[in-house]
Number of protein chains: 2
Amino acid sequence: MNNSHAKSRCNLFFETLGTRLKIDIITELKHEALNVNELARKLNQERSKVSHALLSLSECGFVNARKEGKRRIYSLNKETIIPLINLAERHVKKYCKACRKQRTERRKTK
Amino acid sequence: MNNSHAKSRCNLFFETLGTRLKIDIITELKHEALNVNELARKLNQERSKVSHALLSLSECGFVNARKEGKRRIYSLNKETIIPLINLAERHVKKYCKACRKQRTERRKTK
DNA sequence: AGAATATGTGAATTACAATTCACATATGAA
DNA sequence: TTCATATGTGAATTGTAATTCACATATTCT
């Protein structure tokens, strides 16, 4: 109906964090900076999939990349992400039953 | 590939906040508690659409509803949402160029 | 009871992000 | 320069949330 989007523009921010893979990537990067192959191996996911996810994470300023030889090392922008994830986990524990019984469990395995 | 989702379960939390409409609803409810019709009118959106959005917001513990006569008044669970939105907006201002040039602008109008 | 108001709901459709796959590029080693 | 390693990318497909619409339910008033 109406498409005038004047205010409140953090929906993309949240949308970007709204998949399991990206949360898992962030969880890994909390501990150490990693390149795509290492991430893909650790999470047991396709490299290309992880690469796409990292692109959107970096477009939103959640991760930074530095080149090191033939590798690209991705690191977490911890300044806002750490308190954000903490806040989210606290909320889920306290208020969000739907989040605790994961929606992913209902999803089909390929 | 792998479907063992043992850790990190706040992706649904973020996914739920990942649309414009829900962020707009939260923004309205910051100021005052409202019922569905009032929200729909203020946001210039279909009532049923707002109703569905409120359902998912309430399943995630973002809003609470109380019955008052024939109305249902929705109020914001401010405890975690207000600091969360503040954190998100600070991040967007500082780091997220992609979020500032809204993705919605590219979307087709019906 | 019947009408008006307020809201919920489920199923079909639509829209779009996530995934996949084949190929492009970039770096360093032999 | 050829090969191996590491990564990026775009386009087609797939999966799924958002939207729509027609109908159900619930409350209050006359």
Side-chain angles (χ1 to χ4, degrees), chain A residues 1-3 5 11-25 33-60 63-74 98-99 102-110, chain B residues 1-3 5 11-25 33-60 63-74 98-99 102-110:
Chain A
M1 298 185 83
N2 114 331
N3 270 59
H5 299 300
N11 52 311
L12 178 56
F13 173 96
F14 291 117
E15 186 184 315
T16 299
L17 296 172
T19 65
R20 187 79 197 207
L21 176 58
K22 288 178 200 147
I23 294 292
D24 286 345
I25 288 173
L34 294 167
N35 65 343
V36 185
N37 272 335
E38 289 166 330
L39 271 169
R41 189 175 39 76
K42 285 199 177 225
L43 299 172
N44 193 25
Q45 296 286 338
E46 274 201 47
R47 188 189 50 72
S48 177
K49 201 172 145 180
V50 176
S51 182
H52 279 294
L54 282 166
L55 177 65
S56 79
L57 283 172
S58 92
E59 278 179 349
C60 261
V63 302
N64 296 322
R66 68 169 194 277
K67 195 124 198 197
E68 203 170 85
K70 52 184 167 183
R71 311 190 163 170
R72 280 172 73 78
I73 313 292
Y74 290 90
C99 294
Q102 266 294 296
R103 181 181 302 209
T104 42
E105 287 168 10
R106 294 196 265 107
R107 289 196 182 138
K108 277 172 286 183
T109 304
K110 197 202 155 185
Chain B
M1 298 186 84
N2 115 329
N3 269 58
H5 297 302
N11 52 310
L12 178 56
F13 173 96
F14 291 118
E15 185 184 315
T16 300
L17 296 172
T19 65
R20 188 81 197 207
L21 176 58
K22 288 178 200 148
I23 294 291
D24 286 345
I25 288 173
L34 294 166
N35 65 343
V36 185
N37 271 335
E38 289 167 330
L39 272 168
R41 187 175 40 76
K42 284 198 179 227
L43 299 171
N44 192 24
Q45 295 285 340
E46 274 200 48
R47 189 188 50 72
S48 177
K49 202 171 143 180
V50 176
S51 182
H52 279 294
L54 283 167
L55 177 66
S56 80
L57 283 172
S58 92
E59 277 179 349
C60 261
V63 302
N64 297 114
R66 67 170 194 277
K67 195 124 198 196
E68 204 169 84
K70 52 185 169 184
R71 309 191 166 169
R72 280 172 72 78
I73 313 291
Y74 290 90
C99 294
Q102 268 293 298
R103 181 182 301 210
T104 43
E105 287 168 12
R106 293 195 265 107
R107 289 196 181 137
K108 277 172 285 182
T109 304
K110 199 203 156 186

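Residue numbers begin at 1 in each chain, while the letters A, B, ... track the order of the sequences. Computed from a predicted structure; not experimentally measured.
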- prompt: Under the side chain to side chain contact (heavy atoms under 4.5 Å, CB included) criterion, do I23(B) and F14(A) qualify, and how do the steps go?
  reply: CA-CA 10 Å; I23(B) 294 291; F14(A) 291 117; 3.7 Å; yes
- request: Please state how far atom CZ in F14(B) lies from atom P in dA17(D), giving the value in whole angstrom units.
  value: 17 Å
- prompt: Hey, what do you get for CZ (R20(A)) to CD (E15(B)), rounding to the nearest 0.5 Å?
  reply: 12.0 Å
task: Find the distance I25(B):CD1 to dT7(C):P and express it as a whole number of Å.
output: 13 Å
message: Counting the atoms with a prime plus P, OP1 and OP2 as sugar-phosphate, which does L21(B) contact under 4.0 Å by heavy atoms, base, sugar-phosphate, or nothing?
response: sugar-phosphate
task: Round to a whole Å and report the spacing from CG of N11(A) to P of dA15(C).
output: 19 Å
- line: Sorted by chain and number, sequence neighbours left out, salt bridge (charged side-chain N to carboxylate O under 4.0 Å, His left out) with K42(A) holds for E32(A)
Listed partners of R41(A) passing side chain to side chain contact (heavy atoms under 4.5 Å, CB included), at least two apart: E38(A)
message: Name the residue from V36(A), V50(A), L34(A) that meets the side-chain contact (heavy atoms from CB on, under 4.5 Å) definition with Y74(A).
response: V36(A)
task: Could I get the full list of ring pair (Phe, Tyr, Trp, His ring centres under 6.0 Å) partners for F13(B), not counting sequence neighbours?
output: H91(A), F62(B)
Phosphate contact (dT7(D) OP1 or OP2) by N37(A) side-chain N/O below 4.0 Å: yes
- prompt: Do you know which two heavy atoms are closest between T19(B) and N11(A), and how far apart they sit?
  reply: C-CB, 3.6 Å
- prompt: What heavy-atom pair brings R66(B) and A33(B) nearest, and what distance separates the two atoms?
  reply: NH1-CB, 4.4 Å
Atom-pair distance (NZ on K49(A); P on dT14(D)), nearest Å: 16 Å
Each nucleotide N or O in nucleotides 25-30 of chain D that has a protein N or O under 3.5 Å away: list the pair and distance.
none

statement: Between CG of D24(A) and P of dT19(C) the distance, given in whole Å, is 11 Å
message: Which nucleotide wins on minimum distance to the side chain of S51(A), given the candidates dT9(D), dA6(C), dT20(D)?
response: dT9(D)
task: Could you tell me whether the phosphate oxygens of dG8(C), OP1 or OP2, come under 4.0 Å of any side-chain nitrogen or oxygen in Y74(B)?
output: yes
- request: Over all heavy atoms of both residues, which pair between A53(A) and I25(A) is shortest? Give the atoms and the distance, please.
  value: CB-CD1, 3.7 Å
statement: note: L55(A), atom CG; dT20(C), atom P; distance rounded to Å ~ 17 Å
Under 3.5 Å, which protein N or O atoms sit close to an N or O of nucleotides 10-13 of chain D? Give each pair with its distance.
| from | atom 1 | to | atom 2 | distance (Å) |
| --- | --- | --- | --- | --- |
| dG10(D) | O6 | H52(A) | NE2 | 2.8 |

query: Over its full length, what angle do the end axes of the helix from dA1(C)-dT30(D) to dA30(C)-dT1(D) make, each axis taken from five pairs and the result rounded to 10 degrees?
result: 20°
- request: Any chance you could measure N35(B), atom CG, to S51(B), atom OG, to the nearest 0.5 Å?
  value: 11.0 Å
- prompt: How close or far is atom C1' of dA18(D) from atom CD of E15(A), stated in whole angstroms?
  reply: 11 Å
query: Under 4.0 Å: is that the gap between some side-chain N or O of R71(A) and OP1 or OP2 of dT5(D)?
result: no
message: Using whole Å, what does the distance between atom C1' of nucleotide dT7(C) and atom CD of E46(B) come to?
response: 14 Å
message: Using the side-chain heavy atoms of N35(B), tell me which of these nucleotides is nearest: dC21(D), dA6(C), dG8(D).
response: dA6(C)
- line: Between C60(A) and T16(A) the two heavy atoms that sit nearest each other are SG-OG1, 3.4 Å
field: N37(B) side chain near R47(B) side chain, heavy-atom distance below 4.5 Å
entry: yes
task: Please determine, for the side chain of R47(A), which listed nucleotide (dT7(C), dA17(C), dG8(D)) has the closest atom?
output: dG8(D)
